[in-house]
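Working notes, beginning with the structure itself.
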Amino acid sequence: MDNELIITESWPKRNWKWFLPIIILLFIVIGFLLTSTNYKNTTDVFQAYSDNTLYERAIEKANANSNVQNILGKIGALDKLAILEGNVSYSNNHNSVSVTIRVKGTKKNGKLDFSCNRKGTVWEYKNIVIRTQNPKEKIVVLQESVKDL
């Protein structure tokens, strides 16, 4: 038997017919995301995704509310997909944020809306509201009072 070395082409050379269009499409999608008007929203979501304490403390405050316990039950920890599906909007040089995310309670599911301001490294919550469907209910956990001037 001959023991000749069989030389095969590299993977990209063998599969260039579908590999090249996928790479081009990937660059187009990345370029679109970076230049679109939704770029700010995309970066806001990823910043909130990396800031666990932002939404964990809001859930803690909601779980401490008796109305939330009666209607939704205990709200569990968020999965990362809930943050990506939610709506996050930073303002004031990323020192203020408004967030809407889905939450799952032991009895019922809903939406958690909250807004807060950063004071140093700590978030101070201004408003925390939970909304449910069937029946539509709105549970105000925390609401910033308007002061008369």
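Numbering of residues begins at 1 and proceeds along the displayed sequence.
- Interatomic distance, NZ of Lys13 versus OG1 of Thr8, reported as 11.0 Å (0.5 Å rounding).
- Here the CG atom belonging to Leu78 is positioned 10.5 Å from the NZ atom belonging to Lys104, to the nearest 0.5 angstrom.
- Ile71 and Val129 fall into different hydrophobic clusters, where Ile, Leu, Val, Met, Phe, Trp and Tyr side chains are chained together by heavy-atom contacts under 4.5 Å.
- Applying the side chain to side chain donor-acceptor pair (under 3.5 Å) definition to pairs two or more places apart or across chains, those involving residues 129-142 are Asp113-Arg131.
- Listed by chain and residue number, Ser115 satisfy the side-chain contact (heavy atoms from CB on, under 4.5 Å) test with Ser98 (two or more places apart in sequence, or in another chain).
- The line from CG of Asn63 to NZ of Lys74 is 4.5 Å long, rounded to the nearest 0.5 Å.
- Taking Ile, Leu, Val, Met, Phe, Trp and Tyr as members and joining any whose side-chain heavy atoms lie under 4.5 Å apart, directly or through other members, the hydrophobic cluster of Ile23 also contains Trp11, Trp18, Phe19, Ile22, Phe27.
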Test log, rule side chain to side chain contact (heavy atoms under 4.5 Å, CB included), inputs Val122 and Thr53: CA-CA 9 Å; Val122 177; Thr53 58; over 6 Å; no
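- Using a 4.5 Å heavy-atom threshold, the side chains of Tyr55 and Ile101 count as touching.
- A distance of 13.0 Å separates OG1 in Thr100 from CD in Glu85, rounded to the nearest 0.5 Å.
- Rounding to the nearest 0.5 Å places CZ of Arg102 at 8.5 Å from CG of Asn109.
- No donor-acceptor distance shorter than 3.5 angstrom exists from the side chain of Lys108 to the backbone of Gly73, with no hydrogens or angles considered.
- Although no hydrogens or angles enter the test, the distance criterion places a donor-acceptor pair under 3.5 Å between the side chain of Arg57 and the main chain of Trp123.
- Counting heavy atoms from C-beta on, the side chains of Leu26 and Val29 never come closer than 4.5 Å.
- Screening Val68, Val141, Val140, Val99 against Ile128 for a side-chain contact (heavy atoms from CB on, under 4.5 Å) leaves a single residue, Val141.
- Nearest approach of Ala58 to Leu112, heavy atoms of both residues: CB-CD2, 4.2 Å.
- In this structure the side chain of Val97 never reaches within 4.5 angstrom of the side chain of Asn117, judged on heavy atoms.
- With hydrogens and angles ignored, the 3.5 Å screen pairs no side-chain donor or acceptor of Asn92 with any backbone N or O of Asn95.
- Asn67 contributes atom CG, which lies 11.0 Å from atom CG of Leu72 (distance to the nearest 0.5 angstrom).
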